[in-house]
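Structure record follows, encoded as structure tokens.
Worth knowing before you read on, the calculation uses all heavy atoms, side chains too, and leaves out hydrogens, waters and symmetry mates. Starting from 1, each residue takes its place in the sequence as its number. First listed ligand is number 1; within each ligand, the first listed atom is number 1.
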Amino acid sequence: MPLPDPIQARLLAMLHNRTDTLQAGDPVPEPLVLSSAFSLPQTPAPNRTYARFTNPTIEATEARLSALEAAPCLLFPSGMGAYSAALMALLKAGDTVLMLSDGYYAARNLVSDIMAPFGLTLRSCPAAEVLTTDLTGLAAVVVETPSNPGLDVIDIAALSARCRAAGATLLVDNTVCTPLLQQPLDLGADIVIVSDTKAMAGHTDLLMGHVASRDTAYMERLLSVRNLTGNIPAPHEAWLLLRGLETVELRLERMCANARAALPLLKASPAVQDLLYPTPHPQALDTGFLIGACFADAATADQFLKDAGFAAMTSFGGLHSSGDRRARWGDAVPEGFLRLSFGIEPTQALTENLTKALKNLPAAG
Ligand SMILES: *Cc1c(COP(=O)(O)O)cnc(C)c1O
């Protein structure tokens, strides 16, 4: 996964964000500041007043994320917190928003269940049709690429040109790729949403999300939404994210390498029927750490996770290889379908375990 120079420069800026400004005697890593109130004399007026607006640890984490996104960035307490604020800051009564029918289910439900009574309308189409469906009359288009769990790739530059022509704002959920592997804003998207709960934080121990955009007026409105809805994370969680971000490149490198090493084993195994893996596309630097694999039935899928030592859990992007049987969440996939997320285990030991686990399973289909 050799990163191109501009992305290396963003990573360097993220890692040197604090060290570039250290004074003698300063703590080198980012200190955690839990304070909710700040000294507030009449003059001079401080730019920090109260923690519902911001806090030094929140600012420090946002600065790291801004370096990675090469764009202004605001933090929210979860990916869905980021979605709700991003849509609230953008849309108004009477607007219609297009989302993927095979995208993250909670994003659709947010619009259809929570925002519909405020006058928003949801339209949906599968990822495979978003480059051909009619965009007339839409206020916004929200996509994920690769989609989840189908792992269909959408050409962001092509979609962004279509959205511009139709007068629709393009929002890209970049959770699966992260800003290291894919840069939607550079490809013409207006707004990026990321659930940092997944690979960005990477340790499966917190919820977090962010929104990034180079549209200054939009970011001002988004900050206003966050201030007035109180949709800001706690400093400790933000600090844990900051700590995770500093190793994100190393973790992603191993996670992607492990997925790459597992792919031929899964492909060759009679126990696996269909494999889903994103089609390599120049817009993403790597095909990532997620693989969809279909086993004979639910029991065989569960047996595989147990024998291979993969955690049976939802969510993805953590240190430990894991799998989620998506049919239990209502995704349109067979009962034996697993979305596998590869962790940072040593590659050889992991693939040996996988080989053993696959040998003991009945053939699929
Ligand atoms: C997990 C996820 C979300 C929601 O994020 P939370 O942090 O769980 O609120 C949104 N989009 C995608 C693609 C996700 O995987």
Side-chain angles (χ1 to χ4, degrees), residues 61 65 73-88 97-115 122 124 126-127 130 140-154 156 170-182 184 189 191-212 226 229 231-234 237-238 240-241 244-245 248 252 255 276 278 284 288-292 311 313-318 322-326 328-331 333 338-342:
T61 311
L65 289 166
C73 184
L74 285 174
L75 213 51
F76 296 89
S78 65
M80 288 314 300
Y83 258 99
S84 57
L87 296 180
M88 219 184 270
V97 49
L98 178 73
M99 288 182 154
L100 300 183
S101 52
D102 47 355
Y104 194 69
Y105 68 99
R108 282 192 311 277
N109 292 354
L110 169 68
V111 175
S112 63
D113 296 357
I114 309 297
M115 300 183 95
L122 173 69
S124 61
V130 80
V141 173
V142 184
V143 298
E144 294 166 50
T145 176
S147 65
N148 180 7
L151 302 179
D152 284 312
V153 174
I154 296 167
I156 297 173
L170 175 60
L171 296 90
V172 175
D173 178 334
N174 201 28
T175 301
V176 170
C177 277
T178 80
L180 273 72
L181 300 185
Q182 175 173 275
I191 298 165
V192 154
I193 302 174
V194 176
S195 166
D196 296 307
T197 306
K198 316 293 167 54
M200 293 287 272
H203 292 66
T204 327
D205 54 7
L206 65 97
L207 293 171
M208 196 69 68
H210 76 260
V211 178
R226 188 176 74 174
T229 56
N231 191 5
I232 190 168
E237 267 64 35
L240 284 172
L241 168 61
L245 285 178
V248 65
L252 275 175
M255 287 155 70
L276 294 181
F289 53 85
L290 293 179
I291 297 179
M313 60 174 223
T314 193
S315 197
F316 57 84
S322 65
D324 190 15
R325 212 166 54 67
R326 293 301 302 178
R328 71 166 147 201
W329 299 104
D331 283 355
V333 291
L338 286 176
R339 180 186 63 202
L340 300 173
S341 174
F342 287 82

One should read off an interatomic distance between Leu207 CG and Leu241 CG, to the nearest 0.5 angstrom, of 11.5 Å
Polar proximity ligand 1 side, Gly79 side, N/O cut 3.5 Å exclusive:
yes
Taking every heavy atom of Val97 against every heavy atom of Val142, the minimum-distance pair comes out as CG2-CG2, 3.8 Å
Once rounded to the nearest 0.5 Å, what's the spacing between atom CD1 of Ile232 and atom CG of Leu75?
7.5 Å
Apply the side-chain contact (heavy atoms from CB on, under 4.5 Å) test between Val333 and each candidate in Arg339, Arg325, Arg326; give the one that qualifies.
Arg326
Tell me whether Leu207 has any N or O atom under 3.5 angstrom from an N or O of ligand 1.
no
In ligand 1, the atoms that come under 4.0 Å of a heavy atom of Phe316 are 15 (O)
Polar contacts were defined as any N/O atom of the residue lying under 3.5 Å from an N/O atom of the ligand; does this apply to Tyr83 and ligand 1?
no
Taking atom 4 (C) of ligand 1 as the reference point, the nearest protein heavy atom with its distance
Tyr104 CE2, 3.4 Å
With Phe289 via ring-ring contact (aromatic ring centres under 6.0 Å, His included) - residues at least two apart:
none
From Ala199, Gly317, Ala106, Ser195 - option closest to atom 5 (O) of ligand 1 by heavy atom
Ser195
Atoms of ligand 1 less than 4.0 Å from Glu144 heavy atoms?
13 (C)
If we only count heavy atoms from C-beta on, is the Met115 to Leu110 side-chain gap below 4.5 Å?
yes
Which protein non-hydrogen atom lies closest to atom 7 (O) of ligand 1, naming both residue and atom, and how far is it?
Thr197 OG1, 2.6 Å
With a cut-off of 4.0 Å, which atoms of ligand 1 are near a heavy atom of Asp173?
10 (C), 11 (N), 12 (C), 13 (C)
Sorted by chain and residue number, the salt bridge (charged side-chain N to carboxylate O under 4.0 Å, His left out) partners of Asp152 (sequence neighbours excluded) come out as none
Which residue from Met200, Met80, Lys198 reaches closest to atom 1 (C) of ligand 1 through any of its heavy atoms?
Lys198
